[in-house]
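Taking it in order: structure first as structure tokens, then the write-up.
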Amino acid sequence: MLTDIFSNRYKSTPLWHTFTASEQTLLVQMYRIFSEQVCPFDESTEQNKRLWADLQSRISMELGRESLSPLTYNYMGQWNGQPHHYYGTWTIGQVCKTWFLETFDGAMSADLFLKQRVSFIEVAFRLVEERLSVINSNLPAAMKAADQTIARKNIRGIVPRKPSETVKANNEAINLAFRNAVDELNARFRHAGCNLNYHNGFVQIARDDRLESEIEKPFWQLVSAPKWKNVDTDMKEAFDRRDNDDRDPAFYAARALESAIKIISDDKGWTHGKEKGAHNYIDNLSSKGFVSGWEANALKHIFTTVRNPLSHGPGSAEMPALSRYQTEWVIDNSLSWIKRLIRAT
């Protein structure tokens, strides 16, 4: 199974040139956030053990290693002053910790050393987020099942709150704990000056604090729901291509916007099946007053002048290309439009 990891996506984009005390501090902080707050490795917690094993397997595979560090130990030592043969198997938690916190010796570049460990944290948070998504989707059924149990009275004869309320409160607590861990991880990234940001399963380059807090963070929160998956995926692709100076990041931003428009049209029951492109779906939204006339024209302008030229072969004409500033404009506007449309649903 292929796993999308940070170090592969950004292999051609240098982020670190040296390894200093600041980077060492960040590594310890990242590891402790995950191993202490998000998913402690506990031999008695089977679910967490499976997640750590999956994580170790995925990362070692992508890095081309049999395991992140040795799975077993075998050496001669002393016991009560006598030679003694020690052998056994390390826990997966110890295997991961040994590799993650090993001393940087310069055998590889500081850039690759750090990117590999950011990849570990990225996939670690992603796996927990996927687990939470399943828990959240099963919440209605879990609440219903809880309410079917027999209500018990406490010693004062007072009936406690509905069992489903406890289930819901517990669900909110674990989601809040994860969001807090994500916020701390991103704060640690900022304090270390590495301009990275984790959102919805991926670590990507952050641009500036204001843009991140006012535009990008609310956007990633809005598209974290399963039905916006294609919007989320294409916008992440736009970010990766922009950050790596790859081709046509604006195309993917506009495609994310088109997906959002189509999803809303479908959900509202306004799709009639005769649409031939984004303009027709925008007309669906406009005809129902979901967007005003000038908004419809502004949306169509993005597809007419940006998405369509980039998505069709130019033939013998000059290959269309956008400057860095034009690309940023398309991405920022697509982000803002998607936020506006989703919030209105």
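Judged as a side-chain hydrogen bond (donor to acceptor under 3.5 Å, both in side chains), and not counting sequence neighbours, the contacts of S323 are Q326. By the salt bridge (charged side-chain N to carboxylate O under 4.0 Å, His left out) test, E275 is found to be paired with no residue, residues two or more places apart in sequence or in another chain being considered. Listed by chain and residue number, S265, K268, N284, L285, K288, F290 satisfy the side-chain contact (heavy atoms from CB on, under 4.5 Å) test with W270 (two or more places apart in sequence, or in another chain). Every residue two or more places apart in sequence or in another chain that forms a side-chain contact (heavy atoms from CB on, under 4.5 Å) with E23 is listed here: W16, F19, T20, L114. With sequence neighbours excluded, the residues satisfying side-chain contact (heavy atoms from CB on, under 4.5 Å) with N74 are H85, Y87. The salt bridge (charged side-chain N to carboxylate O under 4.0 Å, His left out) search around K300 returns D283, not counting sequence neighbours. Applying the side-chain hydrogen bond (donor to acceptor under 3.5 Å, both in side chains) rule to K97 yields no partners; only residues at least two apart in sequence or on another chain are considered. Residues satisfying the side-chain contact (heavy atoms from CB on, under 4.5 Å) criterion with E102, sequence neighbours excluded, are W99, F113, R117. Listed by chain and residue number, Y198 satisfy the side-chain hydrogen bond (donor to acceptor under 3.5 Å, both in side chains) test with E129 (two or more places apart in sequence, or in another chain). Partners of S334 under the side-chain hydrogen bond (donor to acceptor under 3.5 Å, both in side chains) rule, at least two apart in sequence or in another chain, do not exist in this structure. Residues satisfying the salt bridge (charged side-chain N to carboxylate O under 4.0 Å, His left out) criterion with K274, sequence neighbours excluded, are absent altogether.
Contact check on R58 versus D54 returns a salt bridge, with a Lys/Arg side-chain nitrogen under 4.0 Å from an Asp/Glu carboxylate oxygen. A salt bridge links R242 with E328; the closest basic N to acidic carboxylate O contact falls under 4.0 Å.
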Begin with the C-alpha distance, continue with both residues' side-chain angles, and end with the deciding distance and a verdict on side-chain hydrogen bond (donor to acceptor under 3.5 Å, both in side chains) for N200 and D232.
-> CA-CA 8 Å; N200 298 0; D232 176 81; 2.8 Å; yes

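Looking only at distances, no side-chain donor or acceptor of R241 sits under 3.5 Å from a matching main-chain atom of P249. Counting only distance, with no hydrogens or angles, the side chain of S224 and the backbone of Q221 share a donor-acceptor pair below 3.5 Å. Under a 3.5 Å cut-off, the side chain of S57 and the backbone N or O of A53 do not form any donor-acceptor pair.
Ring geometry, F34 versus F120: the interplanar angle exceeds 60°, so the pair is classed perpendicular (tilted spans 30 to 60°). Aromatic ring pairs are classed by plane angle as parallel below 30°, tilted from 30° to 60° and perpendicular above 60°; the pair W52 and F41 is perpendicular. Taking the six-membered ring where tryptophan is involved, the planes of F100 and Y31 are tilted, since the angle between them lies from 30° to 60°.
In this structure, F239 has its ring center under 6.0 Å from that of W220.
Pairs of residues two or more places apart, or lying in two chains, never qualify as salt bridge (Lys or Arg N to Asp or Glu O under 4.0 Å) while including a residue from residues 62-90.
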